[in-house]
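Reading through the structure tokens given below for one structure.
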Protein chains: 2
Amino acid sequence: MLDDRKKKVLQAIVEEYINTAEPVSSNALTTNHGLNCSSATIRNEMAELEKNGYLDKTHTSSGRVPSEKGYRYYVDELLNDKDISLEEIKYISSKLETKVNEIEDLTKITANTISEVTHYTAVSIGPKTSNQIIEDIKFVLLGSRMMMAVILTDTGLVKETIIKFDEDVTQKQIETMNYMFNNKLKGQPIETIDRPLEDYLYDEMTYSVNVIKPVIEQLKKVIQEDENIYLEGANKSFDLPEFNSLEVAKNFVNILDTKEVVADMLNSGFAEDINVYIGDENKQDELKDFSVVTFKHKVNGKDLGTIGIIGPKRMDYSKVISVMKYINKKLKEM
Amino acid sequence: MLDDRKKKVLQAIVEEYINTAEPVSSNALTTNHGLNCSSATIRNEMAELEKNGYLDKTHTSSGRVPSEKGYRYYVDELLNDKDISLEEIKYISSKLETKVNEIEDLTKITANTISEVTHYTAVSIGPKTSNQIIEDIKFVLLGSRMMMAVILTDTGLVKETIIKFDEDVTQKQIETMNYMFNNKLKGQPIETIDRPLEDYLYDEMTYSVNVIKPVIEQLKKVIQEDENIYLEGANKSFDLPEFNSLEVAKNFVNILDTKEVVADMLNSGFAEDINVYIGDENKQDELKDFSVVTFKHKVNGKDLGTIGIIGPKRMDYSKVISVMKYINKKLKEM
DNA sequence: TTTAGCACTCTTTACTATTGTTTGCTAACT
DNA sequence: AGTTAGCAAACAATAGTAAAGAGTGCTAAA
């Protein structure tokens, strides 16, 4: 375990580096960090912290930079909640009070808010459909060969899709089908729309395969399809000094351009609400040089979407986590 | 007017520069461009082309680079249609034959296809809603205080939105409202949903304002709201040499991040189908250093969305325009 | 009108010297 | 034993210089 002064030194280095993006020298820590000792003493402490893997050097005579282990220790043990300014509180409140009719929009707005307040790039994804419980299904005829299906789930998600037929269908047919679907699916998780249901319907109904098949197929497609990924503030990252390296900038754009990586990243958190992944801790190779903080938006244990912040490993974890905690509290109050 | 050899020289320089991204020297044109003369002669021609504004130099003793006037002349007068390879034809066909139920999806797929074939970044926007003709409106009750409104237009666009009420509404109320709305709006452009309609409904209907108001407000919101902008292949641009300049890369990300600029860009074309904007010709300040080619997807004069390619001024106009023309033909066949 | 030849311009690259920052170590001090 | 002052060594960053290379413009001859 680290003794008290080592903790202080590590914390000072992490925070200094987060602020300046420059390797931190022993001299820089002699003032304004409550360490009443000379730079030589700090140098000794730094050398030991480096030996234990908490710090790195960029070259033999450079100042110190936190290692991933250093950041992890900082996040786990040394992090203080940061106060949120009055302006920020006002801004967050006004954003979250926007009246929204669809919960996916709320996730978007939350992502946008977090990005604006933290000045990092945010991504969001809607709630996972497959394990939600179907509360109601409505079929609406739109012309003679087109229909809309609307699925309502327990979390308030409304999912609609258009289905086209190769032959004319009647209002009567739609109504019967609607009854059958509801009968079988109400109270079931959405993923129930699958093979067994298909077989059941073919058995029960006397309609042409041209009517039932498109419905089943389109519904299956809808529940399988990737949730909408929403990106906010990509340009914000480009103001950070680490993005002066073309390679980093290019990697970053590549990540944001690859929906699978982003979806994977947002879906891989296992903690209750906030997850922090530092560099190599990320499961996705593309993210090894970045840090990610994700935030699951839940109400009564129900998934309402996930928001992620992507930034440099030198991320202001304290700020990001404090903002997320505050927003989480606000959302729960609603 | 330019004489025949000057045209050839200009064309050779533009095409060489598009290929190499390096200033073109007089020597480089003596081979492989059908100009049977020495580098000195070409130098004389280049000097005159520069005097007339078709070429630029990066410094006194550098090779030549096309000016915006030069690119414009090339696009207007010297452009040859490029052959599309068999693989490309196959790829395009397979992509466009994907069965889609919503026309916005077709626009997305088209944008994706153009980006993949040309290797440039593409953006797309759905059809402009406001001037489409309403064919049918359906109201569907989803629970006691929630309803979905579905608007069908003449172009096949299906626009749906959720409306929430502060008090319980009955199926009967919904049906009456639905009848009234259709009665007033069928055959009218979508933008008819506005003040006069609002007044009419308040006069005609005896329902509480709590029922009518949310419907009108949400419908107005839907038709006003920005169309969905879809971005494809942002990372493709980062492989181009001009994006080695951090400033350019940053500008580019900023543009793509600013939906208003992209929407503006896509909506500002006035030509029938394909529009080319070179550098300063762009109406948006942010785009002054880029070139944009837009393509309006229309069937029977009806707007089905617009796709845009953003790239360096050194864009392969010939390729981009050929691909767009081919895709346009394919789409019209469908 | 075309072209060969050459001086001149400017970029690019490599090399060198200088300056400044920061460390690690040693020896002295508390 | 822990702390500190002092100093040599390592290295980055910057500026300056020189040499090489690419390309033009101009002149004069074909």
Side-chain angles (χ1 to χ4, degrees), chain A residues 1-10 12-14 16-17 19-67 70 241-242 244-246, chain B residues 2-10 12-17 19-67 70 241-242 244-246:
Chain A
M1 253 319 73
L2 299 182
D3 63 55
D4 224 52
R5 194 169 61 189
K6 283 209 181 53
K7 284 186 191 174
K8 269 192 180 168
V9 171
L10 179 55
I13 290 177
V14 172
E16 195 71 17
Y17 188 62
N19 276 329
T20 63
E22 297 289 334
V24 182
S25 74
S26 55
N27 215 5
L29 299 191
T30 51
T31 46
N32 291 77
H33 288 280
L35 293 156
N36 288 316
C37 55
S38 73
S39 64
T41 310
I42 294 173
R43 272 203 292 286
N44 291 333
E45 296 285 37
M46 282 163 116
E48 246 183 294
L49 281 166
E50 186 185 349
K51 210 173 65 194
N52 293 323
Y54 295 98
L55 296 177
D56 280 336
K57 271 196 290 200
T58 57
H59 58 89
T60 42
S61 69
S62 78
R64 298 308 205 293
V65 161
S67 68
E242 22 275 286
N244 283 353
S245 147
L246 261 166
Chain B
L2 298 182
D3 64 58
D4 224 52
R5 193 169 63 190
K6 284 210 180 54
K7 284 186 189 173
K8 269 192 179 166
V9 170
L10 179 55
I13 291 176
V14 172
E15 287 172 0
E16 196 72 17
Y17 188 62
N19 277 330
T20 63
E22 298 287 335
V24 182
S25 75
S26 54
N27 215 4
L29 299 189
T30 51
T31 46
N32 290 78
H33 288 282
L35 293 158
N36 289 316
C37 55
S38 73
S39 65
T41 310
I42 293 172
R43 271 203 293 286
N44 290 334
E45 297 284 36
M46 284 165 120
E48 244 182 297
L49 281 166
E50 188 186 348
K51 211 174 64 191
N52 294 324
Y54 295 98
L55 297 176
D56 280 336
K57 271 197 288 200
T58 57
H59 58 89
T60 42
S61 69
S62 79
R64 297 310 204 292
V65 161
S67 67
E242 22 275 286
N244 283 354
S245 147
L246 262 166

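Every heavy atom of this structure was used, including side-chain atoms; hydrogens, water molecules and symmetry mates were not. All chains are named by letter (A, B, ...) in the order of the sequence lines, taking the proteins before the strands, and each is independently numbered beginning at 1.
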What protein N or O atoms touch nucleotides 5-7 of chain C N or O atoms at under 3.5 angstrom, if any, and at what distances?
from: C:dG5; atom 1: O6; to: B:Arg43; atom 2: NH2; distance (Å): 3.4

Filtered N/O pairs between nucleotides 27-29 of chain C and protein, under 3.5 Å:
none

Considering only nitrogen or oxygen atoms on both sides, find all protein atoms under 3.5 Å from nucleotides 10-13 of chain D and state each distance.
from: D:dA10; atom 1: O3'; to: A:Thr60; atom 2: OG1; distance (Å): 2.7
from: D:dA10; atom 1: N3; to: A:Ser61; atom 2: OG; distance (Å): 2.9
from: D:dC11; atom 1: OP1; to: A:Thr60; atom 2: OG1; distance (Å): 2.9
from: D:dC11; atom 1: O5'; to: A:Thr60; atom 2: OG1; distance (Å): 3.4

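A:Leu29 contributes atom CG, which lies 11.0 Å from atom CD of A:Glu45 (distance to the nearest 0.5 angstrom).
Among the atoms of the strands shown, base atoms are found under 4.0 Å from some heavy atom of B:Asn44.
Closest to the side chain of B:Ser25, from the set D:dA5, C:dG24, D:dG23, is D:dG23. Checked against C:dG24, C:dT2, C:dT3, the side chain of B:Cys37 finds its nearest nucleotide in C:dT3. Of all nucleotides listed (D:dT24, D:dT4, C:dG24), C:dG24 comes nearest to the side chain of A:Ala47.
Note on B:Ser26: a side-chain N or O is less than 4.0 Å away from OP1 or OP2 of D:dT24. One finds a side-chain N or O of B:Lys57 lying less than 4.0 angstrom from the OP1 or OP2 phosphate oxygen of D:dG25. A sub-4.0 Å separation between OP1 or OP2 of C:dT21 and a side-chain N or O of A:Arg64 is absent. Residue A:Thr41 places no side-chain N or O under 4.0 Å from the OP1 or OP2 atom of D:dT3.
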